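Sequence lines set the chain letters: A, B, ... in the order given, protein chains first and strands last, and positions in each chain run from 1. From a predicted model like this one, the values you see are computed outputs, not experimental measurements.
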Amino acid sequence: MDIKYELDKLLKLVEKPARYIGREMGEIVKDKETVDCRFCFAFPDTYEIGMSYMGLQILYYVVNKEENLSCERIFAPGLDMEELMRARNIPLFTLETKTPIAEMDMIGFTLQYEMSFTNILNMLDLGGIPLLASERSDDMPLICAGGPCACNPEPLADFIDFFMIGDGEELLPEMIKRWGEFKKTGGSKEDFLKSTCGITGIYVPKFYEPVYNEDGTVKEIKKLYSDAPDTVKRCIIDDIDHAFFPKEILVPLIETVHDRAVVETMRGCTRGCRFCQAGMIYRPIRERSAETAEDIALSQLAYSGNDELSLLSLSTSDYSEFKPLILRLIDKCREENFSISLPSLRLDNFSFTVLEELQEGRRSGLTFAPEAGTQRLRDVINKNITEDDIYGAVRKALELGWSSVKLYFMMGLPTETYEDLDGIAEISKNIRELFFEVTGGKGAGRFKVTASVANFVPKPHTPFQWEPQDSPESFNKKHLYLRGKMKIKGVTFNYHDTLTSSYEALFARGDRKTGKALFAAFKHGCKFDGWTEHFDPKKWQEALKEADIDISFYTERRRSELEIFPWDVIDMGVSKEFLLREKKRAEQALTTPDCRYGCVGCGISKLTDCPFGGVLANE
Amino acid sequence: MNRKFIIFFEKSGYIKYISHLDMMRLFNRVIRKCSIKLAYSQGFNPHPKMSFALPLALGYTGKNEILEIETAEDYKTAFILSSLNRAMPDGISIKDVQEDRGERGNKTIASAVYAGEYIAEIPLVDDASAKLGNITKKTAAFLSQPIIVAEKLQRKTGKILEIDIKPLIDTLTAVIIDNKFIMTTIVAQGSTATLSPELLLTVFCKFIGLDFERSEVEMTRTQILYH
Ligand code: SF4
């Protein structure tokens with residue numbers, strides 16, 4: 001089907017038509033006749049969000065650099081575009097060649113956020129592809145998914161043919177290549193999926209079947225194909241210094257969320273914050289050398305003409321070569337006139353020097369994530385930051401003339417009391433007071449403190465995977481309480497919508513039964529649920545009812561230590577024993593030190609070599 | 001030494017769907033990528049000295065668009081032409097680069113623009129062309145009206161105003177070729193008086209009795225005219 005003529009008409013009617021055209025610098029368009037397997041990278045949110053995601057850039061080039069493979073892109077179309085496409089029977093098409101996605105060989109969704117799950121179903125539907133894997137014939141593309149949310153793939157198990165768990169830059173091209181070769185032999189999807197069972201990181205949901213207890217918990221996970229692995233081990237790239245990272249990037253023609261060159265300096269984190277899934281599922285720490293990182297950064301800047309560079313990792317200053325790298329980059333940025341942004345920087349003396357150098361008078365905000373309002377609760381979550389750290393850094397920043405402080409907290413953490421909430425107000429107030437102490441009140445009108453409070457969502461593969469989430473009523477009560485407490489002059493208080501957090505929690509720890517709710521929600525027209533303005537609680541309630549799902553069973557229930565979890569079939573490397581040990585230490589408000597300075601036995605060393613130890617793990 | 005250059009380029013294909021603002025960002029980025037140093041304006045918020053002679057509406061193809069730049073260093077026109085062409089995404093092609101040696105005094109082309117030439121194409125359904133009759137005659141009749149009234153929405157008040165657009169039309173012809181209705185026109189554009197070719201198309205097609213959907217119109221600007 002040639003949709004180009006019809007498309008041209010649509011583009012004249014929609015908002016931001018450039019979302020649908022491709023043609024960016026860096027785009028790779030291959031003739032379908034010259035490739036063995038055509039892959040479609042699917043980002044289940046808008047173009048502007050998807051194009052700001054570094055993973056897309058990596059995978060796009062890692063696939064396209066193979067001569068006989070191609071990678072094209074799709075995003076979730078805006079509502080106006082979707083309406084027109086449906087009305088005029090135009091199927092979802094790739095940006096590169098405007099090919100209807102049903103004609104592609106393989107489609108891979110990236111799972112960054114639970115609330116984008118309905119968009120996945122909607123995109124398949126827009127492509128004329130049956131949603132249920134069991135209803136898709138062999139001539140339909142193979143549908144796969146990967147990314148952080150794949151660590152509990154169960155809510156999507158009915159819709160996806162196979163999941164890729166872990167690092168994708170080697171696994172994805174490998175799978176595409178295999179499928180291309182397999183297709184040539186005329187083999188069936190079923191046989192192909194069977195043939196992939198030995199590959200580290202591949203989870204084929206149809207080869208497993210959860211059996212449930214009467215109370216709804218998992219009794220056992222039955223294997224339906226004997227060669228399928230008992231647990232699927234995460235795919236880990238040991239040496240990221242030599243792993244592929246793009247020097248050329250796709251440069252959007254329209255403004256996106258982030259428009260900058262990005263280089264990943266480090267994967268993994270050793271701090272061990274107990275609520276943080278990323279800190280658990282990306283272990284162990286793997287670093288890119290400063291030379292490689294610099295080379296990538298400068299090449300990307302030269303290629304794209306970007307004037308901003310960002311270093312990417314879970315904790316910028318933990319990167320062992322941070323100092324030499326940033327000093328060299330600072331020299332370069334003077335010469336070549338680009339700016340550098342450093343997310344998740346720890347504010348020690350060196351960082352201040354760096355920030356002062358980088359900002360030269362244009363001081364933006366200082367950012368802290370204490371996550372909890374009291375030392376007790378910070379110990380529970382193992383967030384290693386003290387009030388002295390915060391006030392010390394704020395004092396220093398004020399002396400240097402900074403004029404705003406941003407604070408990030410979480411609400412509803414395990415063991416939280418109203419005292420902990422008072423602590424959030426306390427810290428905000430103290431920073432205000434510190435300002436008057438340091439500056440004598442000069443410029444008080446300009447000085448701003450912003451405190452943002454997110455709702456805690458217990459995530460699988462973390463020490464809090466057993467914990468209940470606050471009920472929506474409890475969240476609302478706490479929000480109201482804190483709103484009263486936060487009526488402080490010069491302090492802005494933001495908090496997150498309650499209901500979307502409950503649904504996020506539902507799917508974070510959902511089982512296959514929750515997939516029925518997703519399906520029903522899609523039928524009711526739910527999409528873009530992560531956007532408060534699109535989230536429709538009424539439709540969702542209907543969907544839950546139809547799927548016979550009691551949301552509190554998933555969100556508010558405290559799980560027993562013996563419970564088999566739906567995601568136990570996925571082995572992320574960090575052991576359940578370690579997580580349980582951490583959960584128990586949390587209950588006693590005992591901290592666990594950063595394992596960079598001594599292994600604490602997380603278990604990852606069973607899957608790979610950990611540069612920092614792993615001794616304890618084998619005990 | 002600062003230099004001024006005039007860059008002539010084409011904008012066609014899918015890239016016609018990026019806005020004027022995006023075009024600014026794109027050129028800025030590509031010029032930077034080519035290591036061409038632009039001059040910056042003085043003042044509190046310096047910005048690169050670069051401007052399009054006449055913004056092109058989103059969705060229009062531009063055959064002969066004009067960008068004026070001022071560089072902080074000396075460059076050969078051939079260098080600018082070839083390096084920009086190499087770096088530009090599909091759909092933007094640089095046709096010519098000329099050095100502006102001050103022939104118009106210190107005036108920019110942007111301030112000297114007085115008109116634009118446009119071609120509007122509308123595909124016709126099978127019997128439409130027969131129904132339309134003699135287009136040439138109808139065009140002549142259209143143009144010989146004492147005044148040509150168009151309705152224009154006044155942004156500020158939200159009121160619909162009636163204006164006479166006749167003085168703003170320089171030339172207008174229409175033909176049907178290959179079952180396509182093609183209107184070619186030169187209309188006033190610039191700082192003193194401006195007529196949108198789409199507004200003219202609407203009024204004209206109403207006069208000759210041609211119904212069309214906005215999304216079917218292919219608009220191309222073939223020329224920017226300046227003193
Ligand atoms: S094996 Fe030990 S040192 Fe390595 S990440 Fe796990 S706890 Fe930390």
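A cation-pi arrangement is absent between A:Lys16 and B:Tyr17 under the rule of less than 6.0 angstrom and at most 45 degrees off the ring axis.
Closest heavy-atom contact between B:Arg32 and A:Gly305: CD-O, 3.2 Å. The heavy-atom pair separating B:Arg214 from A:Leu13 by the smallest distance is NH2-CD2, 4.1 Å. Residues B:Lys33 and A:Ala302 approach most closely at CG-O, 3.3 Å, considering heavy atoms. Of all heavy-atom pairs between A:Lys12 and B:Val217, the closest is CE-O, 3.1 Å.
For NZ of B:Lys138, the number of neighbouring non-hydrogen atoms (other residues, nucleotides, ligands) closer than 6.0 Å is greater than 12. Atom CG of B:Asp74 is surrounded by more than 12 heavy atoms from other residues, nucleotides or ligands within 6.0 Å. No more than 12 heavy atoms of other residues, nucleotides or ligands sit less than 6.0 Å from atom CD of B:Gln42. Annotation: B:Lys206, atom NZ; neighbour count of heavy atoms from other residues, nucleotides and ligands within 6.0 Å does not exceed 12. Few gaps surround CD on B:Gln154; more than 12 heavy atoms of other groups in view lie less than 6.0 Å from it. Within a 6.0 Å radius of CD in A:Glu67, no more than 12 heavy atoms belonging to other residues, nucleotides or ligands are found. The neighbour count for B:Asp178 CG, taken as heavy atoms of other residues, nucleotides or ligands under 6.0 Å away, does not exceed 12. Residue B:Glu216 places its CD atom among more than 12 non-hydrogen atoms of other residues, nucleotides or ligands, all under 6.0 Å distant.
At a threshold of 4.5 Å between non-hydrogen side-chain atoms, the residues A:Glu24 and B:Asp90 do not count as touching. Side-chain contact between A:Arg23 and B:Pro89: absent, with no pair of heavy atoms (C-beta onward) separated by less than 4.5 Å. Counting heavy atoms from C-beta outward, A:Leu11 and B:Lys16 have side chains that stay 4.5 Å or more apart. Inter-residue side-chain proximity for A:Ile254 and B:Asp22 is flagged as met; some heavy-atom pair is nearer than 4.5 Å.
Ranking A:Gly22, A:Pro17, A:Ala18, A:Pro252 against chain B, the residue ahead of the rest is A:Pro17, based on heavy-atom pairs under 4.5 Å. In terms of heavy-atom pairs under 4.5 Å with chain A, the best-connected choice from B:Met88, B:Met23, B:Glu218 is B:Glu218.
Only the side chain of A:Val251 comes within contact range of chain B, with at least one heavy atom under 4.5 Å from a heavy atom of that chain. Residue contact with chain B, scored on non-hydrogen atoms closer than 4.5 Å, involves the backbone of A:Glu336 exclusively. Residue B:Ile15 touches chain A through both its backbone and its side chain, counting heavy-atom pairs closer than 4.5 Å. Proximity to chain B (any heavy atom under 4.5 Å) is shown, for A:Tyr20, by neither the backbone nor the side chain. Only the side chain of A:Asp259 comes within less than 4.5 Å of a heavy atom in chain B; its backbone stays farther off. With a 4.5 angstrom heavy-atom cutoff, B:Leu58 touches chain A only via side-chain atoms.
To the nearest 0.5 Å, atoms CG (A:Leu7) and OH (B:Tyr14) are separated by 5.0 Å. In this structure, CG in A:Asp307 is found 7.5 Å from CZ in B:Arg29, a value given to the nearest 0.5 Å.
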